[in-house]
Undergrad: 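Below is the structure I would like to discuss, written out as structure tokens.
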4 protein chains.
Amino acid sequence: MTGRPRDPAVDEAIRRAAVDLTEQHGYRGLSMEGIAALSGVSKQTVYRRYRSKGEVVLDALAGYAFTHLPTPDTGSLRGDLTALLTATFAGQQGVNGTLNRALAAEAVQDQAFAALLWEKLIAVRRESVRELLARGRARGEVAHPDDEFLLDLVYGPMWYRLLFDPAALTPAYAAELARSVALVAAGTRP
Amino acid sequence: MTGRPRDPAVDEAIRRAAVDLTEQHGYRGLSMEGIAALSGVSKQTVYRRYRSKGEVVLDALAGYAFTHLPTPDTGSLRGDLTALLTATFAGQQGVNGTLNRALAAEAVQDQAFAALLWEKLIAVRRESVRELLARGRARGEVAHPDDEFLLDLVYGPMWYRLLFDPAALTPAYAAELARSVALVAAGTRP
Amino acid sequence: MTGRPRDPAVDEAIRRAAVDLTEQHGYRGLSMEGIAALSGVSKQTVYRRYRSKGEVVLDALAGYAFTHLPTPDTGSLRGDLTALLTATFAGQQGVNGTLNRALAAEAVQDQAFAALLWEKLIAVRRESVRELLARGRARGEVAHPDDEFLLDLVYGPMWYRLLFDPAALTPAYAAELARSVALVAAGTRP
Amino acid sequence: MTGRPRDPAVDEAIRRAAVDLTEQHGYRGLSMEGIAALSGVSKQTVYRRYRSKGEVVLDALAGYAFTHLPTPDTGSLRGDLTALLTATFAGQQGVNGTLNRALAAEAVQDQAFAALLWEKLIAVRRESVRELLARGRARGEVAHPDDEFLLDLVYGPMWYRLLFDPAALTPAYAAELARSVALVAAGTRP
DNA sequence: ATATAATCGAGACGGTACGTCCCGTCTTGCA
DNA sequence: TGCAAGACGGGACGTACCGTCTCGATTATAT
């Protein structure tokens, strides 16, 4: 009934191969076939764990960073946001950016995967900011009643630029975005 | 030097087939092969015009709407933005939304295509809003010096939701977004 | 190291389809695509076994007849040759003739394939006649020292007519050819 | 009624291109498309003159050699045949051999082309040998009643080796073949 | 001199096959 | 049961030629 247990080294090899291949040939050039070949694993073994290359990448990325982003208390919402966004933007350069965009591509065409992505990655990031907003609200800096909208204002421009011009995600951009969000948060809904 | 001229009816048939197939089977189910088959055209003929299904869809979409979006003068930046965004969001439902998301997916994985998309579609939309901002600036409603940032604030949340949750793009969302952008525009960069 | 073994039924289906298609549409109308389609097999599976339609046909033909042609001992070289050539010529009518000519056409344009054809088919047939010659030599009927030349004399005219006028390969032609070869074999090289 | 006359330079360019391409890439690599491209002529212009690449090559070859092969009177059939075959075999090396084999490949799969080839090339060569036989018959060297069969005996082995092993067509081979044919020609049909 | 008519280059067009890649599933034998 | 190996049906890829077609520009003869 129990049989031979799954080899954890195999899990690691698969994720590793997926990341490496994406780095070298882009997400376009990534395939289940290629992952199996590079990791020295049979296709069956890959399919036993993941249903698509998207899931592999998502798993690889979820175990990486972003889960433990800094949410330092700088004393002001604007300061907190600036710190968080600067760190987040920095984390979107290089392979991480490529992988993130790849996941977006996948989500856009697959409702089920979108839900998975939201839960595993997007929601986690939103939660971080939600904490900042709560803290700001306690301080009296946040009058705007709709957290969800404010979160969109934070992450919308990031994804927009991540899609079309990742290099634009500079510390200066982070600062300006933080300032704007803080401004909107301070206002009330009319 | 001259040669037989390209048949415009063929152009039309190709774009038509691409849109129809996407509508029926999703962008996933769209293929150069399928486009050729449905339009009654040889593959070669499709490849003569477009290098990928993404380019077909982009061309089909670029010739559609959005190029002549309404930019009515309501007397205030907030009003103008509300009108434009409401119309834009409405245009993102149904096939148009699917096609737009497909283009995003494509751009995300292909830098060259991203540039093409920006030029043919994104830039055009940004231009519309830039006009609104100029008008607002003339009225004294815009103190923020960076148009580009304000444009990101307008379109960022739209793409964010377009990627992960298209249904959220309601008229109410448009109104709230317009209000926030107008608020930020009114402020100066410190 | 092992992997799933190849299905022998697939081998059979492929060869079968190749022969059937050639019979119906000629070798011109035969294609790897068509073979795959008719045999209900994927193209990949065909290509896994054969590199060209020529190889398929060759394999189909090699497994057929000719490998075990009759070499009855009639008591004389001339009689033996007559029997063998009559049977061989008879086997060259219908599909077999078409397939044989097709192989010739292929060999003519591809040195590597020519070598393969020689090894799998031509050499086998030559071996049959070589046995006849050896028998004749034992009987004192063969004085000519060069077996290879005599073999060319036997099969040369057959291929010549097979190429340009297959209908000429009658029993009478076989008898006359046998007589001539026996005559040359009896003489010595001066 | 008359219109613009065909440019003879174009004819020449087409044949030239066909021969060059076959020499470089083999008959396999020859195509109507390629001929047009290399000769700097439109496809239409090629098709106006020839229906297939086979016809181009045939025309190119027919205008070359073989039409005026030497038929010197050496005083004996065996001598005459040796001279003719030695010259013929020599002419089958290099490009000429390739082109000849190409024509055979074409003929084998196209009855109409086979007839054309026979008429334009094969029959001419047979006629040369027929003259030799007539001369021998006058001298009393030929008792065999069937010229056609003797011709097959002459050219059969040549084509056989041309197909499978062109290098075998040496002067020694020519001499041995001439000797054998002369021997058979001297005998009577029983 | 001016139709008339065929030739020529360029290149679009519907079509067929090519040979390759990857999909997701399966079968085998070993651990 | 996990796992490497690899066969399998399926579908799309992008390319090469096929033979036909439509252009505009020439070059002849026949009015």
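First the proteins, then the strands, lettered A, B, ... as listed; each starts at 1.
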Undergrad: With a 4.0 Å cutoff (strictly under), does any side-chain N or O of B:Arg48 reach OP1 or OP2 of E:dA12?
TA: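 B:Arg48 to E:dA12 OP1/OP2: side-chain N or O found under 4.0 Å.
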Undergrad: Considering only NZ, NE, NH1 and NH2 on the basic side and carboxylate oxygens on the acidic side, decide whether A:Asp11 and A:Arg49 come within less than 4.0 Å.
TA: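 A salt bridge is present here (some side-chain N lies under 4.0 Å from a carboxylate O).
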Undergrad: Between OG1 of B:Thr22 and CZ of B:Arg101, what distance do you get to the nearest 0.5 Å?
TA: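 Between atom OG1 of B:Thr22 and atom CZ of B:Arg101 there are 11.5 Å.
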Undergrad: Nearest-Å distance, OH (D:Tyr47) to P (E:dC8)?
TA: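 It works out to 16 Å between those atoms.
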Undergrad: Closer to the 5' end of DNA chain F via nearest nucleotide, is it A:Asp11 or A:Lys43?
TA: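 The residue mapped nearer the 5' terminus is A:Asp11.
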Undergrad: Nearest 0.5 Å, what's the CG-OG1 distance between A:Leu30 and A:Thr98?
TA: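 Going from the CG atom of A:Leu30 to the OG1 atom of A:Thr98 covers 11.5 Å.
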Undergrad: Taking everything shown except D:Arg51 itself, do over 12 heavy atoms lie less than 6.0 Å from its CZ?
TA: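 Counting neighbours around CZ of D:Arg51, 12 or fewer heavy atoms of other residues, nucleotides or ligands fall under 6.0 Å, so no.
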Undergrad: For a quick test of reading the model: is some side-chain N or O of C:Arg51 closer than 4.0 Å to OP1 or OP2 of E:dT20?
TA: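 Indeed not, no polar side-chain atom of C:Arg51 lies that close.
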Undergrad: So does D:Thr45 get a side-chain nitrogen or oxygen closer than 4.0 Å to the phosphate oxygens (OP1/OP2) of E:dT7?
TA: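 Checking E:dT7 against D:Thr45, no side-chain N or O comes under 4.0 Å of OP1 or OP2.
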Undergrad: Considering every strand and a 4.0 Å limit on heavy-atom distances, what is the contact class for D:Ser42: base, sugar-phosphate, or nothing?
TA: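 Since a base atom lies under 4.0 Å of D:Ser42, the category is base.
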Undergrad: Rounding to a whole Å, what distance do you find between A:Ile14:CD1 and F:dG2:P?
TA: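 Going from A:Ile14 (CD1) to F:dG2 (P), I get 12 Å.
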Undergrad: Could you check which of F:dA7, F:dC3, E:dG24 has an atom nearest any side-chain atom of C:Arg6?
TA: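 The answer is F:dA7.
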Undergrad: Regarding D:Glu33 and D:Lys53, does a basic nitrogen lie under 4.0 Å from an acidic carboxylate oxygen?
TA: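 A salt bridge is absent here (no side-chain N lies under 4.0 Å from a carboxylate O).
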Undergrad: Find the distance A:Lys53:NZ to E:dG24:C1' and express it as a whole number of Å.
TA: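 Answer to the nearest Å: 15 Å.
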Undergrad: With DNA chain F as reference, determine whether D:Pro5 or D:Ser52 sits nearer its 5' end, using the nearest nucleotide of each.
TA: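 Final value for this comparison: D:Ser52.
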Undergrad: Quickly work out the C:Gln44 CD to F:dG6 P distance and round it to whole Å.
TA: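 Taking atom P of F:dG6 as the reference, CD of C:Gln44 is at 14 Å.
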Undergrad: Of the non-hydrogen atoms in A:Leu103 and A:Gly54, which two are nearest, and what is the gap between them?
TA: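 Nearest heavy atoms, A:Leu103 then A:Gly54: CD2-O, 3.7 Å.
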Undergrad: Between D:Arg16 and D:Glu12, is the closest basic N to carboxylate O distance under 4.0 Å?
TA: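 No salt bridge links D:Glu12 with D:Arg16.
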Undergrad: Reckon C:Thr2 has a side-chain N or O less than 4.0 Å from the OP1 or OP2 of F:dA4?
TA: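 No, because none of the side-chain N or O atoms of C:Thr2 sits under 4.0 Å from OP1 or OP2 of F:dA4.
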Undergrad: Should B:Arg4 be listed as having a side-chain N or O under 4.0 Å from OP1 or OP2 of E:dA10?
TA: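 So the side chain of B:Arg4 is outside the cut-off, no N or O lying under 4.0 Å from OP1 or OP2 of E:dA10.
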Undergrad: Specify the separation, in whole Å, of atom CD of D:Glu55 and atom C1' of F:dG19.
TA: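 That distance rounds to 14 Å.
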Undergrad: Can you sort out which residues in residues 25-38 of chain C have a heavy atom within less than 4.0 Å of DNA chain F? Ascending by number, please.
TA: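 Per residue number, the list is empty: none.
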Undergrad: Taking atom P of F:dG11 as reference, at what distance in whole Å does atom CG of B:Leu21 sit?
TA: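 Between P of F:dG11 and CG of B:Leu21: 15 Å.
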